[in-house]
2 protein chains.
Amino acid sequence: MTEKVTIADVARLAGVSRQTVSNALNTPDVVREETRQRVLEAVERLGYRVNQAARQMRTGRSRLIAIRIEPDRDGINGSVLDRFLHGLTDSAARSGYRVLLYTADGDRGEIDTIEDLLGAYEPDAFVLTSTHHDDLRTSWLRERKVPFVTFGRPWGDLDGAGHPWVDVNGAAGTAAATRHLLAAGHRRIGFLGWPPGSGVGDDRREGWARTLAAAGIDPGGLSRATSDGVADGEAAAHDLLGPGGSGVTALVCVSDSLALGALHAARSPGLAWRAGGSADRPVAVIGFDDTPVAKAVGLTSVSQPLAEAAAGCVALLARLLDGPAPAPDDPPAHELLDPSLVVRQSA
Amino acid sequence: MTEKVTIADVARLAGVSRQTVSNALNTPDVVREETRQRVLEAVERLGYRVNQAARQMRTGRSRLIAIRIEPDRDGINGSVLDRFLHGLTDSAARSGYRVLLYTADGDRGEIDTIEDLLGAYEPDAFVLTSTHHDDLRTSWLRERKVPFVTFGRPWGDLDGAGHPWVDVNGAAGTAAATRHLLAAGHRRIGFLGWPPGSGVGDDRREGWARTLAAAGIDPGGLSRATSDGVADGEAAAHDLLGPGGSGVTALVCVSDSLALGALHAARSPGLAWRAGGSADRPVAVIGFDDTPVAKAVGLTSVSQPLAEAAAGCVALLARLLDGPAPAPDDPPAHELLDPSLVVRQSA
DNA sequence: TTCCTTTACTTGAACGATCTAATCATGCCT
DNA sequence: AGGCATGATTAGATCGTTCAAGTAAAGGAA
C-alpha cells in the first residue's frame with residue numbers, strides 16, 4: 001500500500017489551508033488562478049487523490065451506481081446484459097462514477113438487497129434491468145425517492161412517465177428485419193415470438209405485423225408464440241413451415257434462441273428446402289440481439305446499441321444527480337434508441 | 001431516501017453507549033449476553049445498518065473487491081468472464097464483500113486505474129483475470145503489498161508462489177476429452193490450438209498430447225496452431241483433415257471458437273464425411289469452455305467450474321483479509337480445479 | 001475618515017463509525 | 001479490610017473531507 005496522502009499534506013506543500021485545496025479542486029472559480037495552479041501542482045507532485053469515504057461522509061454522495069448482475073438464464077441471451085454492463089462501467093467512469101454489483105432473486109429479493117446497500121454503501125443511484133409489468137422495484141424506489149434509471153421502458157400504463165428510462169425500439173428492429181426480407185422478394189414472412197403479455201415480446205411482434213400490413217400482406221396465421229429456447233423455436237418453426245403450413249419463406253424471430261431453433265428446423269432435410277419453394281433458396285431466418293451465437297452460426301440478427309444505451313443511462317443519472325433540481329412537474333427524461341440489422345448468411 | 005439511523009440512535013434506544021453497540025455487533029464476546037440481546041433488538045427495530053463510509057474511515061477497510069470487466073473480444077469466449085463475475089458477486093456477498101467494476105486497456109492502463117481506485121475507493125483487494133507471462137500487474141501489486149488473487153495461475157516461473165491464485169486444470173480437461181474420444185474408438189485424434197507461448201494454450205495442448213502418448217499413439221503431426229477465431233479454426237481444420245492429411249477422425253480444440261470452425265470444416269460436403277472414413281461417422285469435435293454457442297450448436301465441450309472458481313477466489317481473499325497474518329515464509333495458497341466434459345452431439 | 005462590499009482565504013465543527021484509554025463495579029486472595 | 005485482577009461499559013479522540021461561519025485586506029462611496 002502506498003502511504004496515504006491527505007488534503008492536509010497538499011495544503012502544507014502549497015502553503016494554503018485545507019479548505020482552499022478543496023475549493024481549488026471542487027469550486028475552482030472561488031480561488032485565485034495563481035493559487036489554484038500552486039495547489040494543482042502540489043496535488044500532482046504528491047499524487048493526491050480524494051478519499052471517497054471521507055467525502056461521502058460529509059456530502060452524502062458515494063459516486064457509486066449499483067446494478068444487479070443476473071445469472072445468464074439460458075446462456076444465449078445472457079451476453080446482452082454483459083455488454084451493457086461493460087458500456088455502463090465505461091460511461092460511468094467518464095462521469096466520475098463507479099459501478100457496484102449485486103445479485104438477488106426476484107423482485108422482492110432485489111428490493112431487500114437494495115435496502116441493504118442503501119444503508120451500507122449508499123449508492124447514489126440504481127440501474128434496473130429487465131423491467132416488466134407491475135414491477136415492484138420501480139414503485140419501491142420511487143416511494144423512497146431513490147434516484148434510478150431503468151434499461152427497459154416502464155411497461156405498465158400507470159407508471160407512464162414516473163421515472164427516467166432508456167430502451168431500444170424493438171418494433172423498429174423487427175420492422176427493419178421485415179423490410180429487409182420484403183426487399184429480398186419474400187412475401188409470406190412469418191414471426192416466431194413469445195406468448196403475449198411480455199412488453200418486450202409484444203413490441204417486437206408489433207413491428208413485424210405493422211410492416212407486413214403496410215406492404216399489403218395480412219400477418220394473420222403467420223406467427224407462432226412459444227417460450228424462449230432453442231428446442232421451442234425448432235418445434236414452433238416446424239409447425240409453421242410444415243405440411244399443413246402457411247407457405248412461409250422467411251422468419252423473423254423475437255430472439256436468437258428461437259432463431260437458432262428455426263434455423264435447425266429450416267435446414268432439417270426434406271422440409272425447409274421445400275417450404276421456401278426451391279433448393280437454392282432456403283428459408284430465411286432473422287434473430288434478435290446479435291448474440292455471439294448469431295455471429296458464430298451466421299445468423300442475421302437485430303443488434304441493440306448497448307454501449308449507447310448504457311451511455312444514455314449514465315447521462316440521465318448524471319443529470320439527475322449532478323444537474324439542477326428539475327421542476328416538480330417536469331416529466332422524467334427518456335431515450336428510445338434504434339437498433340440496427342446485422343446481415344449475415346441466414347437472410 | 002429513508003431517514004438515517006446511526007449507531008447513536010441504537011445506543012439511545014438500547015440504553016447503552018455507542019461503543020457497546022459497536023461491540024455487540026463486531027466483538028460480541030466482550031458484551032454481556034443480555035446486553036447484546038437488547039442491542040440487537042434495538043438494531044432490528046430501527047433497521048440500523050452500519051455505514052460503510054464511516055467504518056472505512058476508521059478501519060481503513062472498504063469491504064470492496066475490485067475486478068476489471070473486459071469487453072468480450074470475439075464475443076464467444078467473453079461469456080466465460082461473465083459467469084465468473086456472477087459467481088464472484090454472489091460469493092463475495094456471502095463473505096460480506098461487494099464487487100466494484102472497472103475497465104482498462106492493457107496492463108499499463110489497468111495499473112493506472114488500480115492506482116486511482118486505491119486512492120479513492122480503497123478496495124480491500126483485487127481479482128485479476130487473464131494472467132499471462134511477464135504480467136506487469138502482479139508484480140506491481142506485490143511490490144505495494146496490495147492484496148489480490150488471480151483467476152489463472154502465474155505463468156512465469158519466477159512468480160512461482162508469489163501470490164494466491166485459483167485456476168482450472170486445462171490439461172485435465174483436454175485429457176478427459178481425449179479419453180472420451182479414445183473410448184469411442186478414435187485413434188488418430190487431432191488438436192487445434194493456439195501458437196505456443198500462451199500458458200493456457202500450452203497447458204491444454206499438453207493434456208491432449210500426454211493422453212495420446214499414454215495410449216501408445218504418437219501425437220506428432222496431429223496438431224495445428226492458429227489464432228482464436230471461427231474462420232481460423234475452419235482453415236486449420238481443413239488443413240488437418242484435408243487430402244494430404246493425417247487421417248484424423250476426431251479433434252480436440254483449445255476453444256469453442258476454434259471448435260466451431262472445425263465443425264464447419266468437418267461438415268463441409270465432400271471433405272469431412274470422408275476424412276473420418278465413413279458417412280455415418282462424421283469427424284468428432286470437442287471444444288473448450290462450454291460457451292452458449294457450444295450449447296446452441298450441440299458441441300461437446302469442456303466446462304470450467306466458474307462458480308467454484310469464483311468462490312475459491314473469495315475464500316482465498318477472505319483468508320488474506322480477515323484471517324490471521326500468515327507466517328512470513330508461508331507460501332500463498334492456491335487452488336486448481338478440475339473441469340468436466342459436457343457431452344453433446346458433436347462427439 | 002468611516003462604513004460597507006467584495007475578494008481570497010482560514011478556522012472550527014461535523015459526518016458516523018471504531019480505537020484507545022479510562023472508569024466502575026465485582027469477586028477473590030491474603 | 002485492603003489490594004488487585006477481571007469483566008463490562010463508557011468518554012473522548014480520530015479517520016479525511018466539506019460546510020458554515022469568520023477574518024483580513026483592498027476598493028469604493030459617503
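Sequence lines set the chain letters: A, B, ... in the order given, protein chains first and strands last, and positions in each chain run from 1.
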Item to complete: Please say which of A/Leu88, A/Ile67, A/Leu85, A/Thr150 ends up in a side chain to side chain contact (heavy atoms under 4.5 Å, CB included) with A/Thr129.
Response: A/Ile67
Practice prompt. Using the side chain to side chain contact (heavy atoms under 4.5 Å, CB included) rule, pick out the option among A/Thr113, A/Asp112, A/Ile114 that qualifies with A/Glu110.
Written response: A/Ile114
The criterion is salt bridge (charged side-chain N to carboxylate O under 4.0 Å, His left out); which residues satisfy it with [X], sequence neighbours excluded?
X: A/Arg61; value: A/Asp124, A/Asp322
X: B/Asp116; value: A/Arg49
X: A/Glu122; value: B/Lys4

Worksheet entry | Non-neighbouring partners of A/Leu320 that pass side-chain contact (heavy atoms from CB on, under 4.5 Å), sequence neighbours left out | A/Pro147, A/Pro164, A/Leu317
Item to complete: Name all residues meeting the side-chain contact (heavy atoms from CB on, under 4.5 Å) criterion together with A/Ala315; count only those two or more places apart in sequence or in a different chain, and write none if there are none.
Response: none
Worksheet item: Got a second to check how far A/Gln52's CD is from B/Tyr121's OH, nearest 0.5 Å?
Response: 4.0 Å
Fill in: Inter-axis angle, terminal five-pair segments of the helix from C/dT1-D/dA30 to C/dT30-D/dA1 [nearest 10°]
70°
Response to the item:
Footprint ends on DNA chain C, 5' to 3', for atoms under 4.0 angstrom from a heavy atom of chain B, come out as C/dG16 to C/dC19
Worksheet entry | Within residues 12-33 of chain B or reaching into it, pairs that qualify as salt bridge (Lys or Arg N to Asp or Glu O under 4.0 Å) - sequence neighbours excluded | B/Asp9-B/Arg12, B/Arg32-B/Glu34, B/Glu33-B/Arg36
Worksheet, complete the sentence: So, with a heavy-atom separation below 4.0 Å from DNA chain C, the residues of residues 10-41 of chain B are B/Arg18, B/Gln19, B/Ser22, B/Asn26
Discussion item. Heavy atoms within less than 4.0 Å of DNA chain C: which residues of residues 44-62 of chain A have one? Give them sorted by number.
Written reply: A/Met57, A/Arg58
Worksheet entry | Enclosure of A/Asp134 CG (heavy-atom neighbours >12, cutoff 6.0 Å) | no
Worksheet item: Is it true that atom CD of B/Gln37 has more than 12 heavy atoms of other residues, nucleotides or ligands lying nearer than 6.0 Å?
Response: yes
Worksheet item: Angle class for the B/Phe148/B/His163 ring planes (parallel below 30°, perpendicular above 60°, tilted otherwise)?
Response: tilted
Worksheet item: Taking the inter-plane angle between the rings of A/Phe151 and A/Phe84 on a 0 to 90° scale, is it parallel (under 30°), tilted (30 to 60°) or perpendicular (over 60°)?
Response: parallel
Response to the item:
Residues passing the side chain to side chain donor-acceptor pair (under 3.5 Å) test with A/Arg63, sequence neighbours excluded, are none
Worksheet entry | Smallest separation among heavy atoms of A/Val166 and A/Gly312, with atom names | CG2-C, 3.7 Å
Worksheet item: Which nucleotide of DNA chain D is the first, and which the last, in the 5' to 3' direction, to come under 4.0 Å of a heavy atom belonging to chain B?
Response: D/dA8 to D/dG16
